[in-house]
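Numbers restart at 1 for each chain; the letters A, B, ... are given by sequence-line order, proteins then strands. Source: prediction; values computed, not measured.
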Amino acid sequence: MLDPQLLRKKPEDTARILKTRNCDLDVARLQTLEERRKALQVRTEQLRNLRNTRSKAIGAAKAAGGDADALMAEVKELGGELEQCESRLNGVREEFTAIARQIPNLPHDTVPRGTDESDNREERRWGCEKKAARKDFTPVDHAALGAALGMMDPKAAAALAGARFVVLSGALARLHRALAHFMLDLHTGEHGYTEVMTPFIVNSDTLYGTGQLPKFADDQFQLAGERGFYLIPTAEVPLTNLVKDRIVAAAELPMHLVAHTPCFRREAGAHGKDTRGMIRQHQFEKVELVHITRPQDSWDTLELLTGHAEAVLQRLELPYRVVTLCTGDMGFSAAKTYDLEVWLPGQNRYREISSCSNCGDFQARRMRARWRNPDGGPEYLHTLNGSGVAVGRALVAVMENFQNADGTVTIPDVLRPHMNGEERIKPG
RNA sequence: GGAGAGGUGGCUGAGCGGUCUAAAGCGGCGGUCUUGAAAACCGCAGGGGGCGUUGCCCUCCGGGGGUUCGAAUCCCUCCCUCUCCGCCA
């Protein structure tokens with residue numbers, strides 16, 4: 001959520017910036033609501049003050065043994081007007097917040113303006129020599145490789161659950177696990193993260209905190225029943241919400257958290273997209289990095305976080321590039337996002353494998369997550385998150401980049417300790 | 001699943017229809033004393049919001065709803081915690 005003061009005091013400026021994010025703000029409506037709110041709130045508080053003082057007078061009169069009938073009649077009448085004012089005020093407030101909670105975060109000054117991914121700005125590339133060196137045969141995609149190895153079975157998964165699931169087996173299942181373990185070891189051992197294991201089911205309040213609700217309800221898997229449970233779409237949700245409704249001590253900051261979790265997504269708007277292979281699944285695993293920082297530290301932290309995600313790809317020797325998402329391509333809660341796109345020879349293109357964002361105080365405001373600033377009062381925290389990295393897509397990338405002409409897959413050096421020291425995955 | 005007990009400020013914990021403007025203790029901050037520290041004593045301290053912003057006011061006792069002139073206190077409901085029993089990886 002944006003600072004409501006921004007919407008109240010500078011609606012035009014805010015609307016102009018939001019326009020670059022394909023978001024139209026109804027400035028006139030907001031101003032009307034704000035005028036009504038002001039008048040109603042002042043009146044409501046006056047009435048409440050009157051009621052409180054009169055009610056106390058009744059108590060005092062009764063305690064003194066006097067007669068309070070006249071006062072009681074007066075306060076009863078007052079209560080009627082108060083009730084009316086309160087309900088009108090609530091109506092105005094509800095409409096205001098209903099609008100406010102649908103508004104995306106404001107982009108940082110360094111974010112390129114644009115409408116879609118073609119306007120994203122490439123920052124750098126890594127590993128291109130390696131990419132060029134592997135042109136001695138025509139690479140196939142991971143789905144074909146996996147099928148030939150006999151270790152990747154979308155048909156079996158379809159029979160179990162439906163489309164957009166996969167069954168892995170043998171060395172490929174193990175490689176998947178090895179990737180997750182390698183990433184966790186790297187982030188906890190060398191990058192200083194604290195490993196966290198969280199619920200994979202959360203309530204609606206938690207999803208609201210990170211911005212998935214109310215606007216993106218269609219992307220979530222909701223569980224049947226009255227409890228309002230959802231499967232997490234990413235570990236960003238439980239990790240970030242660890243500070244929900246808290247005022248954390250300065251000494252606790254910054255927080256660096258990592259979790260390996262499954263992620264569940266409806267992929268509601270993606271019919272017919274990436275139907276082959278395991279690029280886009282309803283269930284996938286991800287190692288997620290979350291930072292909770294003081295406001296003054298978040299921009300440096302975004303660079304640090306992105307570096308940690310890049311380190312994963314570098315150790316795996318996977319060619320990639322870093323792009324800054326343009327205003328039109330950014331996620332709802334982000335102020336700035338770097339995507340890491342890994343090279344997939346089977347598709348002959350770069351595909352997203354990590355997304356690192358600084359959300360500023362946007363999520364913190366929704367979560368009421370603050371810290372005690374020694375120089376002042378409580379202040380909203382800044383939150384960042386990044387994939388470090390998507391495990392399923394990392395498996396795809398390793399398979400396609402490390403494939404050999406004979407259909408085998410060489411195991412990257414850093415994964416071999418997790419693979420019984422094996423050097424290759426062969427059919428069998 | 002059955003039975004019961006609870007959710008009050010950073011923590012412990014009193015209050016159970018009207019000076020609650022929430023006792024008291026601990027912890028915290030400031031001061032007195034001291035070479036320094038401790039002890040003792042004195043004082044200050046929550047979050048959110050509004051407005052005519054040296055100040056005044058509203059709101060918050062797990063969430064929501066209700067009763068009442070008035071609710072931390074009574075009623076309904078949901079959530080959470082704890083104890084005992086049963087079941088269970």
Side-chain angles (χ1 to χ4, degrees), chain A residues 1-9 30-98 100-101 197-209 213-214 222-230 238 241-253 262 361-381:
Chain A
M1 188 137 104
L2 298 180
D3 184 352
Q5 296 300 343
L6 214 54
L7 298 174
R8 284 177 181 156
K9 306 266 165 68
L30 280 178
Q31 278 166 340
T32 305
L33 288 171
E34 172 57 7
E35 276 168 35
R36 284 189 198 160
R37 193 226 93 228
K38 201 178 223 173
L40 281 168
Q41 183 165 347
V42 168
R43 182 69 189 140
T44 301
E45 290 185 0
Q46 276 174 354
L47 287 168
R48 276 207 276 249
N49 179 239
L50 210 54
R51 184 200 59 189
N52 291 348
T53 51
R54 287 289 196 280
S55 289
K56 270 176 195 165
I58 293 171
K62 286 196 166 182
D67 178 30
D69 289 356
L71 267 173
M72 282 167 64
E74 187 194 343
V75 178
K76 183 159 196 172
E77 196 171 328
L78 209 132
E81 193 190 346
L82 176 60
E83 206 171 315
Q84 210 177 11
C85 272
E86 278 178 336
S87 91
R88 286 173 65 200
L89 178 60
N90 285 340
V92 169
R93 279 188 171 149
E94 272 164 33
E95 186 175 344
F96 187 91
T97 52
R101 61 176 35 171
M197 186 273 176
T198 73
F200 306 150
I201 295 173
V202 295
N203 60 35
S204 57
D205 194 43
T206 300
L207 276 172
Y208 172 76
L213 291 181
Q222 183 167 16
L223 269 46
E226 304 298 308
R227 297 285 295 278
F229 280 147
Y230 292 82
N241 276 283
L242 250 21
V243 290
K244 179 173 75 171
D245 273 316
R246 289 187 57 202
I247 302 178
V248 308
E252 286 186 67
L253 300 172
D361 63 8
F362 186 85
Q363 294 178 321
R365 188 168 276 111
R366 293 169 86 96
M367 294 189 296
R368 299 163 302 277
R370 292 161 293 168
W371 73 299
R372 205 168 287 282
N373 186 338
D375 301 330
E379 195 175 32
Y380 285 115
L381 291 160

Reading nucleotides 48-53 of chain B from 5' to 3' and marking B where a protein heavy atom lies under 4.0 Å of the base, S where only the sugar-phosphate is that close, and - otherwise, the string is SBSS--
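Applying the side chain to side chain donor-acceptor pair (under 3.5 Å) rule to A/Ser55 yields no partners; only residues at least two apart in sequence or on another chain are considered. Not counting sequence neighbours, A/Arg88 has no partner by the salt bridge (Lys or Arg N to Asp or Glu O under 4.0 Å) test. With sequence neighbours left out, A/Leu253 forms a side-chain contact (heavy atoms from CB on, under 4.5 Å) with A/Val248, A/Met255, A/Ile292, A/Arg294, A/Trp371, A/Leu381. Partners of A/Asp3 by salt bridge (Lys or Arg N to Asp or Glu O under 4.0 Å), not counting sequence neighbours: none found. Contacts of A/Glu74 classified as salt bridge (Lys or Arg N to Asp or Glu O under 4.0 Å), with partners at least two apart in sequence or in another chain: A/Arg54. With sequence neighbours excluded, no residue forms a side chain to side chain donor-acceptor pair (under 3.5 Å) with A/Gln84. Applying the salt bridge (Lys or Arg N to Asp or Glu O under 4.0 Å) test to A/Arg368 and every residue at least two apart in sequence or in another chain returns A/Asp245. Residues that satisfy the side chain to side chain donor-acceptor pair (under 3.5 Å) test with A/Arg101, not counting sequence neighbours, are absent from this structure. Remark: A/Asp205 pairs with A/Lys244 by the side chain to side chain donor-acceptor pair (under 3.5 Å) rule, at least two apart or across chains.
Between A/Lys76 and A/Ile247, the residue anchored closer to the 5' end of RNA chain B is A/Ile247, taking for each the nucleotide with the nearest heavy atom.
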Pairs under 3.5 Å (N/O, protein and nucleotides 77-80 of chain B):
residue : atom : partner  : partner atom : Å
B/C80   : OP1  : A/Arg227 : NH2          : 2.7

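Nucleotide B/U32 is matched to B/A40 when pairs are restricted to Watson-Crick or G-U wobble geometry with both distances under 3.5 angstrom. Shown here, B/G10 forms a base pair with B/C26; the pair counts as Watson-Crick or G-U wobble because both key distances fall under 3.5 Å.
RNA chain B lies under 4.0 Å from at least one heavy atom of each of the following residues of residues 48-57 of chain A: A/Arg48, A/Asn49, A/Arg51, A/Asn52, A/Ser55, A/Lys56.
Taking atom CZ on A/Arg372 and atom C1' on B/C29, their separation rounds to 12 Å, with Å as the unit.
Around atom CD of A/Gln5, more than 12 heavy atoms belonging to other residues, nucleotides or ligands sit under 6.0 Å away.
Look at the C1' atom in both B/C61 and B/U8: the space between them is 4 Å, to the nearest Å.
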